Trainee: 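Got a structure for you, written out below as structure tokens; questions coming shortly.
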Amino acid sequence: MEYNHREIEKRWQQFWRDNNTFRVEADREKPKFYVLDMFPYPSGAGLHVGHPLGYIASDIYSRYKRQKGFNVLHPMGYDAYGLPAEQYAIQTGQHPEITTRQNIARYREQLDKIGFSFDWSREIRTCDPEYYKWTQWAFMQMFNSWYDLDASKARPISELVAHFAAEGSEGINPACSKPMKFTAEEWNSLSEKEQRRRLMNYRIAYQGETMVNWCPKLGTVLANDEVSEGLSVRGGYPVEQKMMNQWCLRVSAYAPRLLDDLEKLEWSDSLKETQRNWIGRSEGAEMLFPVVGKDFDLEIFTTRADTVFGVTFMVLAPESKYVPRLVSPEQREAVEAYLDEVKHKTERERQIEKKVSGVFTGAYARNPLTGKEIPIYVSDYVLAGYGTGAIMAVPAHDSRDYAFARHFDLPVIPLIEGADVSEESFDAKEGTMCNSCGPELDLNGLSVKDAIARTKQFITEKGIGHVKTNYRLRDAIFSRQRYWGEPFPVYYKDGEAYLMDESELPLQLPQVDSYLPTESGEPPLGRAKGWQTREGYPIELCTMPGFAGSSAYYLRYMDPRNSEALVGREADEYWRNVDLYVGGAEHATGHLIYSRFWNKFLFDLGLVCEPEPFKKLVNQGMIQGRSNFVYRIKDTNTFVSHGLRKEYDTTPIRVDVNIVNNDGLDTDAFRAWRPDYADAEFILEDGKYICGYAVEKMSKSMFNVVNPDDIVDRYGADTLRLYEMFLGPVEQSKPWDTNGIDGVNRFIRKLWNHFVRAVDAEQKEPTREELKAIHKLVKKVSGDIESFSFNTSIAAFMIALNEFSALKSTNREVMDLFTRVIAPFAPHIAEEFWQMLGHEGSVADAAWPVWNEDYLKEDSVKYPVSFNGKARYTIEVPAGASKEDVEKAALADAGAEKWLAGKTPRKIIVVPGKIVNIVV
RNA sequence: GCAGAAAUGGUGGAAUGGUAGACACGAGGGACUUAAAAUCCCUUGCCCUUAAAGGGGCGUGUGGGUUCGAGUCCCACUUUCUGUACCA
């Protein structure tokens with residue numbers, strides 16, 4: 001019987017569908033296990049061979065857990081809102097929903113071919129109104145909540161309103177955009193409009209005038225994680241800073257908890273570290289510097305309170321609210337010119353130039369410790385969004401301040417003994433203080449650490465400052481001036497935002513005639529006829545960003561068709577949270593922060609029972625492309641093989657990897673590839689044309705895309721699954737190289753032949769060798785799956801098969817165990833074997849075997865004998881021999897005499913089961 | 001700059017502190033075949049030595065250290081990848 005992967009795989013995939021093999025329901029009798037993949041954005045290009053890597057790993061784990069007796073939830077869906085579909089719509093006029101639906105169909109087809117154990121009955125799509133109803137609903141909960149900093153949790157906004165009405169802003173500590181103080185009388189005397197306006201300052205989903213990343217080319221704002229090096233992550237267009245009134249989420253309020261709870265998670269250290277840096281906790285102090293001749297103080301934030309004696313000037317961010325208040329009449333013109341200049345620079349220009357720029361305001365502040373007057377500058381190296389938007393400059397110990405001081409010729413006062421500041425600043429936080437003695441405070445002789453503590457204590461006592469912890473994590477900007485996203489369930493009355501009623505959800509995305517902004521610059525939703533108003537009041541025209549739909553999707557899978565709640569209490573209490581999450585590390589500062597925030601918010605409101613969404617997380621590595629090159633001799637149509645190219649003047653040209661095999665070019669296919677190459681000539685080496693190669697991103701333009709469908713068609717899904725795992729550790733990035741796939745395919749075919757031959761053979765009792773080989777395999781594979789090292793399991797399968805072939809093993813008991821352990825890896829062929837062995841139903845329901853240590857015991861143990869750590873010869877002793885016996889045997893061996901060379905051993909180390917080392 | 005990860009044959013990669021290079025690819029040789037494909041067998045880190053069996057030396061980016069013993073642990077450095085950055 002020939003191995004026909006096409007027939008076998010098709011038949012079993014149909015079997016799984018027909019029997020709902022992987023449909024799962026909450027079952028209190030069984031322990032649950034939730035395995036989740038990051039759901040894909042269905043792009044027009046389809047899946048390439050890198051995409052399924054994580055899905056295969058998680059599928060193996062799911063199938064394994066299921067065989068271990070767990071009730072496994074393993075769902076899949078689509079992150080369907082996104083920019084590419086919208087941009088395609090702008091170009092073609094085709095509704096993004098149509099494109100998206102087509103792309104999803106294509107993805108599904110590709111996924112199905114690989115034989116995943118997804119429960120497709122739970123599929124979700126973020127652009128489906130039944131789904132985004134709950135995205136909109138969550139937004140409404142955030143709008144109706146505030147964050148209590150004392151209790152460290154979100155609470156209903158009604159509680160805050162009640163407090164304001166009874167006691168004003170005293171005695172309560174809400175997270176806010178800017179601090180406000182008022183009495184109960186003042187609050188109660190405000191109009192409804194005024195009260196609502198003030199409440200915006202406290203809501204978790206709030207509207208605020210904030211500095212945003214504006215991308216003119218995309219015509220929308222972007223979140224911080226959607227911008228990299230001043231360019232948009234999607235498209236790579238320049239991004240500029242702009243003040244705009246936008247919806248925001250008060251993620252910053254959750255910064256301490258997002259940071260602390262990282263401890264509890266089984267995530268990689270590097271990913272946790274990335275999140276820690278992004279959250280960016282820094283402990284320091286806020287301090288007041290009185291402005292000379294004015295009745296207000298400048299408030300600054302510093303982590304180096306010890307350096308106040310070295311402050312020789314101050315700097316404000318260009319956007320700082322202090323600027324207009326203290327600029328002198330003589331300097332007004334210069335300051336305004338500078339502000340104008342800064343405004344027109346994009347973020348990228350600001351970063352690339354890195355030129356020192358700034359302007360004097362004409363005002364002076366007084367150093368509170370020395371009493372000296374110091375000038376106040378404005379410069380764009382100070383950021384408005386961090387700390388207070390103002391700094392005390394210590395040029396001797398901060399490189400940025402140093403550069404500024406040198407440029408404007410300002411004094412530099414070193415404060416640490418032995419620090420040479422003639423060429424550069426001394427930024428290290430170590431050493432002994434000097435030059436730091438004022439009328440009230442003397443820091444000289446203290447270490448930097450002690451000086452910081454002493455200064456903090458002093459300023460607190462004097463009432464000129466206080467200890468403060470700052471976080472770099474900003475609130476998430478939640479508005480997008482785009483069409484293809486969730487509409488906000490918000491309308492405006494008298495300019496103030498009001499929520500629609502929950503019964504009006506989902507607020508459906510309307511049809512528009514074009515996906516571009518309107519003439520008047522409104523977002524595309526402004527074009528929807530008859531949609532923009534609700535009872536005469538205008539509706540919000542922005543849509544939500546991509547991360548809105550992906551922030552709580554894992555909850556929806558638990559209870560995907562519930563029309564009463566995002567997730568029902570019973571379902572939530574059973575499935576709780578994701579036990580294993582598999583996906584790319586590129587989501588570290590985006591999705592993985594937003595999801596954790598979103599989950600914590602729902603947790604605070606008592607809507608979900610776990611404070612963290614993803615218990616264990618594995619980051620699969622990126623699969624890069626492996627491009628092939630041919631070398632054209634200049635001004636000819638002759639191509640020279642890689643090894644001989646140095647002898648000519650050549651231009652490397654990328655060639656489609658699908659017409660290259662083991663770096664050997666199929667020259668006929670090459671001639672047929674492009675009309676230009678139809679009459680190409682080749683200079684061969686050893687009768688072959690060898691291509692060069694390079695590792696690059698896998699993309700169409702590099703001609704290095706390998707399609708999983710082609711692999712499945714040619715070798716079968718089982719071979720693809722095994723090969724993707726065999727490539728190396730799941731976490732590691734590596735280039736895709738189809739070259740090695742023959743080895744894995746050979747294994748599958750040999751395995752098939754072995755089974756077909758063996759299954760009809762006469763039955764005998766399993767031999768000791770057979771039992772040993774199979775139990776060794778079971779033990780090895782069990783351990784490997786638990787530790788996610790699938791590549792070594794594949795090797796173990798190959799070794800085991802070789803052993804069984806050598807033993808001419810035909811025992812069904814042994815084959816039965818083999819089938820069970822290979823089932824998660826190569827499910828189709830395993831199902832076929834399962835059937836051959838006479839079982840009913842699916843091998844996915846077969847129990848995972850337990851190995852028996854008794855079979856793994858050896859009669860005798862081999863010990864390498866080393867002299868001074870260098871292995872010299874091997875002895876064999878009976879199993880269970882004592883250390884003394886092993887020692888004796890080692891010295892009795894003929895080799896001992898030679899290597900001792902007459903000397904007596906100084907020491908003999910026997911490590912049971914491992915090694916004997918004789919020290920001479 | 002900062003943070004994290006990594007560095008092992010021609011290649012992908014194995015090695016709870018205990019005989020480095022499992023397994024696979026590629027390459028070389030052989031068998032079968034009219035031939036090719038497929039399949040099977042042998043060799044394959046480097047160097048020296050031997051007629052052969054065999055024997056010996058060197059080897060996990062560099063330099064130190066701990067240890068009877070280090071790819072593995074510690075310190076310093078080099079390089080590569082990833083993330084992040086005027087965050088005061």
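Every chain is numbered from 1, with letters handed out A, B, ... down the list of sequences. Model, not experiment: these values are computed from the prediction.
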Trainee: Please report the distance separating the C1' of G63(B) from the corresponding atom of U82(B), rounded so that it comes out in whole Å.
Mentor: 27 Å

Trainee: G13(B), OP1 or OP2 - any side-chain N/O from Q732(A) closer than 4.0 Å?
Mentor: yes

Trainee: Searching all strands shown, indicate the nucleotide that pairs with C32(B) (Watson-Crick or G-U wobble; both distances under 3.5 Å).
Mentor: none

Trainee: If we call it a pair only when both distances are under 3.5 Å in a Watson-Crick or G-U wobble match, what pairs with A53(B)?
Mentor: none

Trainee: Within this structure, what is the CG-to-P distance between N868(A) and A70(B), rounded to whole angstrom?
Mentor: 11 Å

Trainee: Using every non-hydrogen atom in the two residues, find where E283(A) and T469(A) come nearest and quote the distance to one decimal.
Mentor: CG-OG1, 3.9 Å

Trainee: Grab the CZ-C1' distance between R281(A) and U84(B) for me, whole Å please.
Mentor: 20 Å

Trainee: Considering only atom P, compute the distance from G56(B) to G64(B) and round it to an integer number of Å.
Mentor: 27 Å

Trainee: Contact class for P729(A) (heavy atom, under 4.0 Å): base, sugar-phosphate, or nothing?
Mentor: sugar-phosphate

Trainee: Look at all strands and tell whether W267(A) reaches a base, only sugar-phosphate, or nothing, counting heavy atoms closer than 4.0 Å.
Mentor: nothing

Trainee: Heavy atoms only, 4.0 Å cut-off, all strands: where does A871(A) land among base, sugar-phosphate and nothing?
Mentor: sugar-phosphate

Trainee: Looking at every strand, decide which applies to T792(A) at a 4.0 Å heavy-atom threshold: base, sugar-phosphate, or nothing.
Mentor: sugar-phosphate

Trainee: Between the base of C87(B) and the side chain of R474(A), is there a donor and acceptor pair under 3.5 angstrom?
Mentor: yes

Trainee: Scan every strand shown for a Watson-Crick or G-U wobble partner of A37(B), both distances under 3.5 Å, and answer none if you come up empty.
Mentor: none

Trainee: With sugar-phosphate meaning primed atoms plus P, OP1 and OP2, does R276(A) contact a base, only sugar-phosphate, or nothing at under 4.0 Å between heavy atoms?
Mentor: nothing

Trainee: What contact category does N470(A) fall into here, base, sugar-phosphate, or nothing, at under 4.0 angstrom with non-hydrogen atoms?
Mentor: nothing

Trainee: Kindly say if R472(A) contacts the phosphate of U84(B), meaning a side-chain N or O under 4.0 Å from OP1 or OP2.
Mentor: no

Trainee: Hey, would you say the Y723(A) and W736(A) ring centroids sit under 6.0 Å apart?
Mentor: yes

Trainee: Should A76(B) form a Watson-Crick or G-U wobble pair with both distances under 3.5 Å, which nucleotide is its partner?
Mentor: U62(B)

Trainee: Heavy-atom count check: over 12 atoms from other residues, nucleotides or ligands less than 6.0 Å from R714(A) CZ?
Mentor: no

Trainee: Output the rounded distance in Å from NZ (K750(A)) to C1' (A24(B)).
Mentor: 10 Å

Trainee: Write down the distance between NZ (K907(A)) and P (U67(B)), rounded to a whole number of angstrom.
Mentor: 10 Å

Trainee: Will you find, in the side chains of N753(A) and R757(A), an N or O donor that is under 3.5 Å from an N or O acceptor?
Mentor: no

Trainee: Ignoring backbone atoms, test whether R746(A) places a side-chain nitrogen or oxygen under 4.0 Å from the OP1 or OP2 oxygen of A24(B).
Mentor: no

Trainee: In whole angstrom, give me the gap between the P atoms of U49(B) and U60(B).
Mentor: 23 Å

Trainee: From CZ of R304(A) over to P of A88(B), roughly how many Å is that when rounded to an integer?
Mentor: 11 Å

Trainee: Go ahead and name the base partner of A27(B); Watson-Crick or wobble counts if both distances stay under 3.5 Å, otherwise write none.
Mentor: U43(B)

Trainee: Under 4.0 Å, counting only non-hydrogen atoms across every strand here, what does L727(A) touch: a base, just sugar-phosphate, or nothing?
Mentor: sugar-phosphate

Trainee: Rounded to whole Å, please give me the gap between CD1 in I794(A) and P in G13(B).
Mentor: 15 Å

Trainee: In whole angstrom, what separates N619(A)'s CG from U82(B)'s P?
Mentor: 15 Å

Trainee: Using a heavy-atom cut-off of under 4.0 Å over every strand shown, decide if N739(A) touches base, sugar-phosphate, or nothing.
Mentor: sugar-phosphate

Trainee: Take a 6.0 Å sphere around CD of E786(A) and say whether it holds more than 12 heavy atoms from other residues, nucleotides or ligands.
Mentor: yes

Trainee: Does either side chain, that of Y471(A) or that of R281(A), offer a donor lying less than 3.5 Å from an acceptor on the other one?
Mentor: yes

Trainee: Quick check on E853(A): does its CD atom have over 12 non-hydrogen neighbours (other residues, nucleotides or ligands) under 6.0 Å away?
Mentor: yes

Trainee: Identify the nucleotide, in any strand shown, that forms a Watson-Crick or G-U wobble pair with G17(B), with both distances under 3.5 Å; if there is none, say none.
Mentor: none

Trainee: Considering only the P atoms, how many Å lie between U19(B) and U43(B), rounded to the nearest integer?
Mentor: 22 Å

Trainee: Both distances below 3.5 Å, Watson-Crick or wobble geometry, any strand: find the nucleotide opposite A3(B).
Mentor: U82(B)

Trainee: Using whole Å, what does the distance between atom P of nucleotide G4(B) and atom CH2 of W278(A) come to?
Mentor: 18 Å

Trainee: Hey, which sits more toward the 5' end of RNA chain B by its nearest nucleotide, D401(A) or V911(A)?
Mentor: V911(A)

Trainee: Would you classify I799(A) as touching base, sugar-phosphate or nothing, given that sugar-phosphate means primed atoms plus P, OP1 and OP2, and contacts are heavy atoms under 4.0 Å?
Mentor: sugar-phosphate

